[in-house]
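Okay, so here's the structure we're looking at.
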There are 2 protein chains.
Amino acid sequence: MASDLDTVFSALADPTRRAILAMLLEDDMAVTDVAEPFQTSLAAISKHLSVLAEAGLISRERRGRVIWCKLEPDALRGASVWMQGFGQFEPVDLDAFERFLEGELAKSPEGPDDVETTSV
Amino acid sequence: MASDLDTVFSALADPTRRAILAMLLEDDMAVTDVAEPFQTSLAAISKHLSVLAEAGLISRERRGRVIWCKLEPDALRGASVWMQGFGQFEPVDLDAFERFLEGELAKSPEGPDDVETTSV
DNA sequence: CGCATATTCAACCATCCGGTTGACGATCGC
DNA sequence: GCGATCGTCAACCGGATGGTTGAATATGCG
């Protein structure tokens with residue numbers, strides 16, 4: 001009976017999964033397309049997607065042969081509230097967010113190396 | 001070379017560690033006092049504190065025989081920025097935070113059972 | 001129908017994680 | 001100095017995690 005925060009935070013603790021979320025921020029994607037920029041097997045990505053879905057961070061919908069993955073940002077609400085309570089940070093700073101995101105993408109293991117970080 | 005976000009999010013993924021952070025939100029504490037409300041061994045709590053320190057979420061300072069633990073909320077900044085970029089949530093809502101915190105404390109494993117949640 | 005594509009399942013492996021216990025190093029008070 | 005207190009270290013254990021490969025399932029296309 002892990003709490004929501006348990007599953008959300010541990011889902012976010014993996015750089016591959018954060019990179020996947022960043023990709024889905026741009027658009028919904030098929031599983032195969034999510035996996036393409038990474039060097040790991042499709043099965044491994046499929047497992048990551050299950051973890052993200054388990055945490056409620058994405059949803060998956062089969063359309064024909066293809067399963068589409070969609071970001072579900074609302075799942076972050078609880079965790080975000082929890083964190084902000086500690087830090088009492090200033091309001092959302094999207095520029096800072098972009099810088100962090102680019103750092104993340106550049107760093108992610110065998111990362112998405114042909115994903116355009118420019119438009120993130 | 002795990003990124004900062006890796007260590008911070010995985011530190012936050014454990015309910016015992018989140019409960020410790022919540023306790024330190026009220027005041028600095030000695031290791032023994034941190035451990036007291038939990039049913040786990042002192043050594044286990046010591047390990048949790050190391051994980052939190054590794055993530056930069058707390059600092060430890062020896063004063064005589066006692067090691068004092070202090071919350072370092074700034075370590076949450078990066079993670080908070082990252083998350084807010086996804087969710088684009090409304091500004092900090094401290095009431096919601098309190099509700100979450102109480103839920104967490106109530107739920108934490110063999111939790112702090114004699115910590116006053118009233119004044120959190 | 002039959003083949004190709006899309007995705008998951010199952011089994012396996014190495015590593016990490018949270019917990020325990022017992023020994024050890026430091027420091028205080030007498 | 002000695003004994004008690006504070007905290008970490010080391011070795012160990014069971015279970016979760018992230019990865020692999022190969023088989024299985026489901027759907028679309030010709």
Side-chain angles (χ1 to χ4, degrees), chain A residues 1-3 5-21 23-24 28-55 57-70 107-112, chain B residues 1-3 5-21 23-24 28-55 57-70 107-112:
Chain A
M1 48 134 73
S3 89
L5 291 180
D6 283 38
T7 56
V8 167
F9 279 130
S10 63
L12 295 180
D14 184 281
T16 301
R17 285 193 290 262
R18 286 197 308 276
I20 291 173
L21 292 178
M23 290 190 269
L24 292 178
D28 298 359
M29 293 177 80
V31 174
T32 305
D33 295 334
V34 170
E36 192 263 337
F38 297 96
Q39 248 158 263
T40 59
S41 67
L42 181 60
I45 298 297
S46 177
K47 280 197 207 174
H48 280 304
L49 290 171
S50 293
V51 172
L52 290 170
E54 194 76 22
L57 290 164
I58 67 165
S59 58
R60 285 177 295 184
E61 186 198 349
R62 165 154 242 144
R63 227 148 41 222
R65 207 161 30 166
V66 171
I67 293 183
W68 291 90
C69 304
K70 182 180 189 311
K107 239 180 294 178
S108 78
E110 352 275 53
Chain B
M1 45 138 64
S3 90
L5 291 181
D6 283 38
T7 56
V8 168
F9 279 131
S10 63
L12 295 181
D14 184 280
T16 300
R17 286 195 289 264
R18 285 196 309 274
I20 291 174
L21 292 178
M23 290 190 270
L24 292 177
D28 298 359
M29 293 177 81
V31 173
T32 306
D33 295 333
V34 170
E36 193 263 337
F38 297 95
Q39 248 156 264
T40 58
S41 67
L42 181 61
I45 298 297
S46 177
K47 280 197 207 174
H48 280 304
L49 291 172
S50 293
V51 172
L52 290 169
E54 193 76 20
L57 290 164
I58 67 166
S59 57
R60 285 177 294 182
E61 187 197 348
R62 162 155 244 144
R63 256 195 322 263
R65 208 162 28 168
V66 170
I67 294 183
W68 291 90
C69 304
K70 182 179 186 311
K107 239 181 294 178
S108 79
E110 350 276 54

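A note on names: the letters A, B, ... follow the listed sequences, proteins ahead of strands, and every chain is numbered from 1.
- Across all their heavy atoms, Ala35(A) and Leu42(A) have their closest contact at CB-CD1, 3.5 Å.
- Ranking dT8(D), dG18(D), dT8(C) by closeness to the Lys47(A) side chain, first place goes to dG18(D).
- Summarising the geometry, the separation between CG on Asp33(B) and C1' on dT5(D) is reported as 13 Å, rounded to the nearest angstrom.
- Rounded to an integer number of Å, the gap from Arg17(B) CZ to dG19(C) C1' is 12 Å.
- Distances shown here put every side-chain N or O of Ser41(A) at or beyond 4.0 Å from the OP1 or OP2 atom of dG19(D).
- Nucleotide dT7(C) holds its P atom 11 Å from the CZ atom of Arg60(A), rounded to whole Å.
- Toward the 5' end of DNA chain D, the nearer of the two residues Arg62(A) and Ala44(A), judged by each one's closest nucleotide, is Ala44(A).
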In sequence, state the C-alpha distance, the side-chain angles, and the governing distance for Ile20(A) and Leu49(A), and then conclude on side chain to side chain contact (heavy atoms under 4.5 Å, CB included).
CA-CA 8 Å; Ile20(A) 291 173; Leu49(A) 290 171; 3.9 Å; yes
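- Per the geometry, CG belonging to Leu52(B) stands 14 Å off C1' belonging to dC17(C), to the nearest Å.
- Distance, Asp14(B) CG to dG19(C) C1': 11 Å, rounded to whole Å.
- Closest-nucleotide positions on DNA chain D for Ile45(A) and Arg65(A) were compared, and the one nearer the 5' end corresponds to Ile45(A).
- Within the structure, a side-chain polar atom (N or O) of Ser46(A) is placed less than 4.0 Å from OP1 or OP2 of dT8(C).
- Nearest nucleotide to the side chain of Thr16(B), out of dT7(C), dG19(C), dA11(C): dG19(C).
- The interatomic distance linking Asp6(B) (CG) with dC17(C) (C1') rounds to 15 Å, in whole Å.
- A pairwise comparison of heavy atoms in Phe9(B) and Leu12(A) identifies CD1-O, 3.5 Å as the closest pair.
- Between Arg18(A) atom CZ and dG18(D) atom P there is a gap of 12 Å when expressed in whole angstrom units.
- Contact annotation: His48(B) does not reach the phosphate of dC17(C) (side-chain N/O to OP1 or OP2, under 4.0 Å).
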Give the C-alpha distance, both sets of side-chain angles, the deciding distance and a yes or no for side chain to side chain contact (heavy atoms under 4.5 Å, CB included) between Asp6(A) and Asp14(B).
CA-CA 6 Å; Asp6(A) 283 38; Asp14(B) 184 280; over 6 Å; no
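- Atom CE of Met29(B) is separated from atom P of dC6(D) by 13 Å (rounded to the nearest Å).
- Proximity of a side-chain donor or acceptor of Arg17(A) to a complementary backbone N or O of Ala11(A) within less than 3.5 Å is detected.
- No engagement by Arg63(A) is indicated, since no non-hydrogen atom pair under 4.0 Å with the nucleic acid exists.
- For Thr40(B), the side-chain atoms get nearest to dT20(C) when compared with the rest of dC6(D), dT20(C), dG18(C).
- The side chain of Ile67(B) approaches dT8(D) more closely than any other nucleotide in the set dG22(D), dT8(D), dA6(C).
- Note on Leu42(B): a base of the nucleic acid sits closer than 4.0 angstrom, heavy atoms only.
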